[in-house]
Amino acid sequence: MTTFDNTLNADGALIVGAGLAGLFTALKLAPRPVTVLSPKPLGFGASSAWAQGGVAAAVGEGDSSHAHAVDTEMAGAGIVDHGTAESVTSEAAARIEDLARWGTPFDRDDFGQYELGREAAHSANRIVKVEGDRAGWAIMQAIIAQVRRTPSIRVVEGITALSLARDNGRIVGVFCRRLGDRYSEPIFIRARATVLAAGGLGGLYAVTTNPPGVRGHAMGMAARSGALIADAEFVQFHPTAIATGADPAPLATEALRGEGAILVNDLGERFMPAIHPDAELAPRDVVARANFRQIQSGRKVFLDTRQVLGEAILTRFPTVSRYCLDAGIDPVTGMIPVTPAAHFHMGGVKVDERGRSSLPGLWVCGEASCTGLHGANRLASNSLLEATVYGARIAEDIGGLEPARELTPFKGIEWNEAEGEKAEDVLRGTVAVQDLRRIMTDLVGVERNADGLRQALRGIAHLEATAEQVTSAYLNMTTSATLVAAVALKRTESRGGHFRTDYPQTDDRNWEHHTTMTLEEALAIRAGA
Ligand SMILES: Cc1cc2nc3c(=O)[nH]c(=O)nc-3n(C[C@H](O)[C@H](O)[C@H](O)COP(=O)(O)OP(=O)(O)OC[C@H]3O[C@@H](n4cnc5c(N)ncnc54)[C@H](O)[C@@H]3O)c2cc1C
């Protein structure tokens, strides 16, 4: 690699992204030195802080990690890695203990035992939660406080990574910029080990539950450096995002349906019992498609909590209630309008059981990675678990770092909140970004077909060729979009989160396996579309 003037040294490991995956890895690396990059102030801009359900862990009486693994495999529609499911679920209790030790106030009964919630497709109550629907926020507050107390962790806020830096085939850090500062020279941060924990890609879709900055940057960045990507076609659409037109769309947690809330259309018809024996608690993809089809046929869909919860929704689901009240909906007396929304990416940068990607020097964890745990469909609340399990494994795997002396803040890239906010508004409003998001929702969404996917690939190529400013950040997004659409075109069957109207059946004979792809292969598919 050529020498670069604008260089900072991470002194040890560099973690890109400050959601649960990134911060958990940083804490597990202590006292070894680590630098964490966060585009926004800690706690903002991460899906982790928005999680409502909690963390899945077989810590209840009569439950077992094996039963949890079996449920994970069932949900994953035939392509979950058996060994991964068994090992991740067996490490869950220890990772919950870590979170509790670092201050997460999990709900407990009078005897100090966890009070566990239930979510669809779990055969036992095993969701470790906080104050009903505030798990993500509470977990993040606790670990952020722990990070701030840890002298070996240097947090750099207001900075966004653009590309990975390679030297002799090894990843040696990242090129980054102050958030939105498109005109300055990129800064190179050199690191002994680079951990990509920059989240999923829900924000690539026009209708999503993910924060605005979570738009496939991680997968795009890694793919542009040649990393192998796995299962990119599998995007989970949450059936019940609150449909008020807000972007992102706030979530109405599945736990509401777990409590007995029902789905009805604007004619007052309850449609789920005719579609699946588990009705509203059918697998997420089934419910998402049912809602999608209602909406496609001109109906509106509502979640009705009035009978089962009534006023209790205000205290038992404070986050959902607040979203409703902010949108002028009274959740006690009214029904909640809902729509499917891009929510979680099962695919990502392919990693092994230690979190190593196919590129030497690059580890990946959290939603950015594909570990094989989720298969074609994630079991609810398994993602926060996966983030912690792989964060711990990566910290153990990164060798050769001495404990930190005192770390000094980086000079010259101080956070300016007002500037950063302005920059994000610009990014959110860019026509090219909005066009890309529309393509993804319309053509690579809940239901797909060959014509639409080809059209999407041509559209993405056109945007790359004609967008006024093709920045690295934009290329990261179009790269991820290309990968999702290209693999979705290749997989000529329906499975889990991937539904093809032209191939509606599951084809085990040809497709009961993961897909892996490089960007080069995806671009070849795009060129022929
Ligand atoms: C509304 C909602 C509810 C959910 N509920 C649950 C639940 O109950 N249980 C569960 O297990 N899962 C849940 N999920 C999924 C889960 O929250 C995520 O899969 C998980 O939090 C991902 O963690 P992460 O650390 O990988 O990514 P995130 O938490 O998304 O963090 C990504 C980080 O990377 C940063 N970043 C992005 N781009 C860049 C860049 N270019 N450079 C530097 N940094 C960058 C972001 O700012 C952020 O700090 C939910 C998701 C949503 C959206």
Side-chain angles (χ1 to χ4, degrees), residues 14-25 36-57 92 117 119 127-130 133-137 139-140 143-144 155-164 174-177 179 189 195-203 208-221 236 238 240-242 248-255 319-320 323 341-346 348 364-369 373-374 378-388 390-391 420 424 427 472-473 476-477:
L14 177 66
I15 298 179
V16 181
L20 183 61
L23 297 183
F24 198 92
T25 311
V36 179
L37 306 185
S38 177
K40 309 252 308 178
L42 285 193
F44 294 90
S47 292
S48 301
W50 292 10
Q52 293 182 5
V55 191
E119 286 186 321
I127 313 302
V128 185
K129 58 191 179 56
V130 183
D133 62 6
R134 286 159 65 88
W137 185 85
I139 291 171
M140 288 296 282
I143 66 166
I144 287 168
V155 175
V156 188
E157 292 161 309
I159 194 153
T160 180
L162 305 171
S163 313
L164 300 172
V174 298
F175 291 100
C176 43
R177 272 214 175 96
L179 186 63
I189 303 183
V195 181
L196 195 51
L201 52 65
T208 180
T209 60
N210 288 193
V214 179
R215 285 197 182 149
H217 294 283
M219 188 170 92
M221 226 182 294
Q236 184 172 80
H238 200 290
T240 58
I242 303 177
L251 186 73
T253 175
E254 193 167 87
T319 308
V320 175
Y323 288 146
H343 183 60
F344 180 80
H345 192 210
M346 277 72 78
V364 188
C365 58
E367 201 171 327
S369 67
L373 176 70
H374 308 299
R378 173 188 65 135
L379 181 66
S381 289
N382 262 357
S383 37
L384 293 178
L385 170 64
E386 182 192 43
T388 59
Y390 278 82
E424 189 163 281
L427 187 67
S472 301
N476 289 336
M477 292 183 229

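Counting starts at 1 for both ligands and their atoms, following the listed order.
By the ring pair (Phe, Tyr, Trp, His ring centres under 6.0 Å) test, His345 is found to be paired with no residue, residues two or more places apart in sequence or in another chain being considered. Contacts of Ala198 classified as side-chain contact (heavy atoms from CB on, under 4.5 Å), with partners at least two apart in sequence or in another chain: Val16, Leu196, Ala218. Residues meeting the salt bridge (charged side-chain N to carboxylate O under 4.0 Å, His left out) test with Glu254, sequence neighbours left out: Arg257, Arg284.
No hydrogens or angles considered: nothing links the side chains of His238 and Thr209 as a donor-acceptor pair under 3.5 Å.
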List ligand 1's nitrogen or oxygen atoms that come under 3.5 Å of a protein nitrogen or oxygen, with the partner atom and distance.
residue  : atom   : partner : partner atom : Å
ligand 1 : 5 (N)  : Gln52   : N            : 3.4
ligand 1 : 8 (O)  : Gly53   : N            : 2.7
ligand 1 : 8 (O)  : Gly54   : N            : 3.0
ligand 1 : 9 (N)  : Gly54   : O            : 2.8
ligand 1 : 9 (N)  : Ser381  : OG           : 3.4
ligand 1 : 11 (O) : Ser381  : O            : 3.4
ligand 1 : 11 (O) : Ser383  : N            : 3.3
ligand 1 : 11 (O) : Ser383  : OG           : 3.1
ligand 1 : 11 (O) : Leu384  : N            : 2.8
ligand 1 : 12 (N) : Arg378  : NH1          : 3.1
ligand 1 : 12 (N) : Ser383  : OG           : 2.7
ligand 1 : 19 (O) : Glu367  : OE1          : 2.6
ligand 1 : 21 (O) : Ser48   : N            : 3.2
ligand 1 : 21 (O) : Ser48   : OG           : 2.8
ligand 1 : 23 (O) : Ser48   : OG           : 3.2
ligand 1 : 25 (O) : Leu20   : N            : 3.2
ligand 1 : 25 (O) : Ala21   : N            : 3.0
ligand 1 : 26 (O) : Glu367  : N            : 2.9
ligand 1 : 29 (O) : Ser47   : N            : 3.3
ligand 1 : 29 (O) : Ser48   : N            : 2.9
ligand 1 : 29 (O) : Ser48   : OG           : 2.5
ligand 1 : 30 (O) : Ser47   : N            : 3.0
ligand 1 : 41 (N) : Thr160  : OG1          : 3.2
ligand 1 : 41 (N) : Ala161  : O            : 3.0
ligand 1 : 42 (N) : Ala161  : N            : 2.8
ligand 1 : 47 (O) : Gly45   : O            : 3.3
ligand 1 : 49 (O) : Ala18   : N            : 3.0

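Ring centroids of Phe344 and His374 are separated by less than 6.0 Å, placing the two rings close together.
Heavy atoms only, all atoms of each residue included: Met140 and Ala46 are closest at CE-CB, 4.5 Å.
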